Peer 1: 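Before I ask anything, let me first share the structure, which is written out below as C-alpha cells.
What you see is a predicted model; the values in this text were computed from it and never measured. Numbered from 1 within each chain, the chains take letters A, B, ... in sequence-line order.
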Amino acid sequence: MRRSLFPDHFSFPCLLKSCAAHSALSLGASLHSAIVHLGLEDDLFVRTSLIDFYGKCRQMDASRKLFDTMLHKNEVSWTALIDGYWNSGDGISARDLFDKMPHRNAITWNIMIDRYVKAGDLINARKLFDEMPERNTVSFTSMIDGYAKAGDMASARFLFEQLSDKDIFSWSAMVSGYVQNCQPIEALKIFLEMYNRKIKPDEVVLVGLISACSQFGRLSLAKWVNSFVQQISFDADNPHIYAALIDMNANCGNMEEAAFLFDSMKNRDLVSYCSIMQGYSIHMSGAKAVELFERMLKEGIMPDEVAFTVVLAACSKAGLVKEGNEYFNLMKTEYGIVASPDHYACMVDLLGRAGFLKEAYDLLRSMPEEPHAGVWGALLAACNRHSNAELAEIAMSRLSELEPRNAGNYVSMSNIYAADDRWMDVSRIRTQMSCRALRKIPGCTWIYS
DNA sequence: CTAGGGTTAG
C-alpha cells in the first residue's frame with residue numbers, strides 16, 4: 001500500500017477544518033486520536049488546526065490544553081484560541097489573550113478590531129485601531145464598515161478620506177454603507193468617483209450601485225444601470241447581482257424586466273425569490289407573490305424570517321386571510337422561526353385590512369414582546385379603513401409615545417374622527433400637531449415614465 | 001499542497 005494514501009501533516013488541517021465547519025465533534029475527535037497515533041500531534045499546523053477545531057466546537061478546555069502544552073506557537077495558534085473564546089461568548093478571556101500575545105503583526109490587530117466591529121462594539125474597536133502600530137487598508141475598511149452599520153457615515157467618510165491606499169473593498173464598504181443608511185445620492189457619487197479613477201468595479205460594488213438606484217425609484221436611471229451592469233459584469237450568474245437587479249426593476253416600476261431577469265436565472269435562490277415576490281406585492285399582485293412562494297417551497301428552498309415577512313405582507317395586500325394565517329403558523333411549527341414584531345405587524349395588517357379588528361387587537365396583545373410602532377401603526381391604519389375610533393384611540397395613545405414625531409399617525413387619527421363627525425376631536429389633534437411643530441408631508445406618487 | 005483578516009442582495 002502506498003504511504004500517500006494515509007492522511008499526513010498536510011491533509012489533517014484540511015480535514016479538521018471541514019469537521020469544524022460541520023461541527024462534527026466526534027469525527028474530529030477520532031481524527032485527533034489518529035493524529036496522536038501517527039505522532040503528528042506536535043506539528044505546528046496540525047496542532048493549530050486542533051486548537052481551532054475544538055474552539056469552533058466550543059470545547060475550550062480541550063482547546064486550551066492543546067495550546068498550553070504547545071512548544072512552539074505562532075500568531076495563528078494564538079488567534080485560533082482567541083477565536084474560540086470569542087465565539088464561545090468569553091470576550092474577556094479572548095481580549096486577555098490578545099493583550100498577552102508576544103508578536104502582533106497588523107493582521108492580528110485587524111482580526112481583533114473586526115471582532116469588536118461585528119459585535120457592534122465600536123468603542124473598543126476604535127481604541128485598538130488608534131493603538132495599533134501600523135494600520136493598513138483592512139484596518140480602515142473594518143472600521144468604516146463598523147461606522148456604516150452603526151449609521152455614522154460621517155465618521156466612516158472621515159476615515160475613508162484619510163485612507164491613502166483605497167482598494168475595491170474600501171470603496172465597496174463606502175458605497176454599501178451609504179446604501180444601508182438610505183443615502184443613494186452619496187452612494188452613487190462614491191461609485192462614480194471610483195469609476196472615474198479607472199478602478200474596475202467588481203460584483204460587490206455593482207450590487208451597491210444597483211441597490212442605490214433601487215432606492216431612487218427612477219425608471220430612467222434603472223434602465224441605464226441595467227445595461228451598464230450587463231456590459232461590465234463578468235459573472236452573469238451571480239445571484240447577488242440578479243437579486244439586486246430584480247429588486248431595482250421592481251422598485252422602479254419595471255415588473256416586466258424584473259420577471260424576465262427572474263425567469264432567465266439558472267439557479268434561483270432565496271433572495272431572488274424574495275425580491276420578485278416583494279416586487280409583485282408592491283405592484284398589487286399579492287396572489288402572484290404567494291404563488292411564487294409555493295413554487296419556492298416546492299423547489300426545496302428553505303424560507304427564512306425575511307421570506308415569511310414578504311409572503312405575509314403579500315397575503316395582506318391580496319386579502320388572503322386564510323393563507324396568511326396558515327403561513328404564520330407554518331413558520332412557527334414547521335420552520336421553527338420565532339415570530340418577530342415585524343411578522344406580527346404583517347398579521348395585524350392582514351387581519352385589520354380584512355376587517356377583523358378584534359382579532360388583530362387580540363393578536364397584538366398576545367405578543368410576547370412589547371409591540372413596536374409598526375404593529376400599532378398597522379392597527380391604526382385598519383381602524384382608519386374600517387372607522388373604529390375607539391380602538392384607534394388606544395393605538396394612537398401608544399403611537400404618540402413611540403413615535404411622537406410621525407405626522408402620518410396624527411393625520412390618520414384626525415381622519416377617523418372626521419369620518420365620525422367628531423370635529424372637536426379633529427381640532428384637538430390638529431392642535432397637538434402644531435404644538436409639536438409637525439406638518440403633513442405631502443403624499444408622493446411615483447409616475448413611471 | 002496544510003491553520004488566522006476587511007466589502008455584497010430580499
Side-chain angles (χ1 to χ4, degrees), chain A residues 4 7-18 20 40 43-53 55-56 73-84 86 105-115 117-118 125 135-146 148-149 156 163 166-177 179-180 194 201-212 214 238-248 250-251 258 262 268-279 281-282 289 296 303-311 313:
Chain A
S4 63
D8 58 9
H9 60 105
F10 287 122
S11 41
F12 274 119
C14 203
L15 292 165
L16 284 165
K17 193 179 175 183
S18 170
L40 294 170
D43 179 86
L44 173 68
F45 279 65
V46 173
R47 178 71 74 109
T48 301
S49 310
L50 280 168
I51 292 167
D52 181 62
F53 160 73
K56 286 209 167 71
K73 310 172 171 79
N74 67 5
E75 319 88 83
V76 186
S77 334
W78 282 84
T79 305
L81 186 67
I82 293 173
D83 215 36
W86 186 268
N105 323 351
I107 183 166
T108 5
W109 289 85
N110 288 343
I111 296 170
M112 200 65 218
I113 288 174
D114 195 53
R115 287 190 188 104
V117 162
K118 293 266 151 63
R135 286 170 282 273
N136 61 19
T137 312
V138 177
S139 335
F140 275 84
T141 306
S142 280
M143 284 307 303
I144 288 170
D145 184 45
K149 294 228 155 62
L163 177 59
K166 299 180 175 70
D167 65 4
I168 192 77
F169 285 81
S170 31
W171 286 101
S172 283
M174 284 304 291
V175 173
S176 309
V179 168
Q180 285 158 14
M194 184 200 83
D202 68 353
E203 270 90 355
V204 175
V205 79
L206 286 178
V207 167
L209 168 74
I210 301 164
S211 308
S214 176
N238 185 315
H240 288 290
I241 296 269
Y242 263 95
L245 283 175
I246 291 167
D247 170 74
M248 177 187 72
N251 260 346
F262 181 75
R268 296 176 192 93
D269 65 350
L270 178 62
V271 181
S272 43
Y273 261 104
C274 287
S275 301
I276 193 81
M277 280 164 52
Q278 174 81 6
S281 189
I282 58 177
M296 183 186 89
D304 65 358
E305 61 280 353
V306 182
F308 275 105
T309 309
V310 174
V311 78

Peer 1: Name the nucleic acid region contacted by A/K166, choosing base, sugar-phosphate or nothing; use a 4.0 angstrom heavy-atom cut-off, strictly under.
Peer 2: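 It contacts nothing in the nucleic acid.
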Peer 1: Regarding A/D43, tell me which of base, sugar-phosphate or nothing describes its non-hydrogen contacts under 4.0 Å with the strands shown.
Peer 2: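 The residue A/D43 makes no contact with any strand.
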Peer 1: Please check this pair: side chain of A/T141 against backbone of A/T137, looking for a donor-acceptor N/O pair closer than 3.5 Å.
Peer 2: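 Yes.
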Peer 1: Kindly indicate whether the side chain of A/I168, heavy atoms from C-beta on, has any atom under 4.5 Å from the side chain of A/M194.
Peer 2: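 Contact flag for A/I168/A/M194 side chains = yes.
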Peer 1: Give me the first and last nucleotide of DNA chain B, going 5' to 3', that has any atom under 4.0 Å from a heavy atom of chain A.
Peer 2: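 In short, chain A contacts DNA chain B from B/dC1 to B/dG10.
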Peer 1: Answer with base, sugar-phosphate or nothing: what part of the nucleic acid does A/S49 contact at a heavy-atom distance below 4.0 Å?
Peer 2: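 Sugar-phosphate, backbone atoms only, no base.
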Peer 1: Taking any heavy-atom pair under 4.0 Å as a contact, classify A/T137: base, sugar-phosphate, or nothing.
Peer 2: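 The residue A/T137 makes base contact.
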Peer 1: Looking across every strand, which nucleic acid part, if any, lies under 4.0 Å from A/D8 by heavy atom: base, sugar-phosphate, or nothing?
Peer 2: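 Answer is nothing: A/D8 stays at 4.0 Å or more from every strand.
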Peer 1: With the threshold set at 4.0 Å, does a side-chain nitrogen-carboxylate oxygen contact exist between A/R115 and A/D83?
Peer 2: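 Counted as a salt bridge, because a side-chain N and a carboxylate O are separated by less than 4.0 Å.
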Peer 1: Would the distance check show the side chain of A/N105 and the main-chain N or O of A/T108 forming a donor-acceptor pair, the cut-off being under 3.5 Å?
Peer 2: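 No.
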Peer 1: Side chain of A/S281, backbone of A/M277: donor and acceptor closer than 3.5 Å?
Peer 2: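 Not a single qualifying donor-acceptor pair exists.
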Peer 1: Indicate, with a heavy-atom threshold strictly under 4.0 Å, whether A/N110 touches base, sugar-phosphate, or nothing.
Peer 2: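 Base: the residue A/N110, judged by heavy atoms under 4.0 Å, touches a nucleobase.
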Peer 1: Contact class for A/Q180 (heavy atom, under 4.0 Å): base, sugar-phosphate, or nothing?
Peer 2: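 Sugar-phosphate contact only - A/Q180 comes under 4.0 Å of backbone atoms but never of a base.
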Peer 1: Please say whether the positively charged group of A/R268, taken as NZ for Lys or CZ for Arg, lies over the ring of A/Y273, i.e. under 6.0 angstrom from the six-membered ring centre and within 45 degrees of the axis.
Peer 2: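 No cation-pi geometry.
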Peer 1: Keeping A/S142 on the side-chain end and A/S139 on the backbone end, is there a donor-acceptor pair under 3.5 Å?
Peer 2: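 No: the side chain of A/S142 does not pair with the backbone of A/S139.
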Peer 1: Across the strands shown, which category fits A/N136 at heavy-atom distances under 4.0 angstrom: base, sugar-phosphate, nothing?
Peer 2: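 It contacts base atoms.
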Peer 1: With heavy atoms under 4.0 Å as the rule, sort A/V306 into base, sugar-phosphate or nothing.
Peer 2: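 It contacts base atoms.
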Peer 1: Need one value for A/I144: base, sugar-phosphate or nothing, where a base atom within 4.0 Å counts as base even if backbone is also close, heavy atoms only.
Peer 2: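 Nothing: the residue A/I144, judged by heavy atoms under 4.0 Å, touches no strand.
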Peer 1: For a quick check of understanding: with a heavy-atom distance under 4.0 Å over all strands, which category does A/K118 fall into, base, sugar-phosphate or nothing?
Peer 2: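 Sugar-phosphate, no base atom in range.
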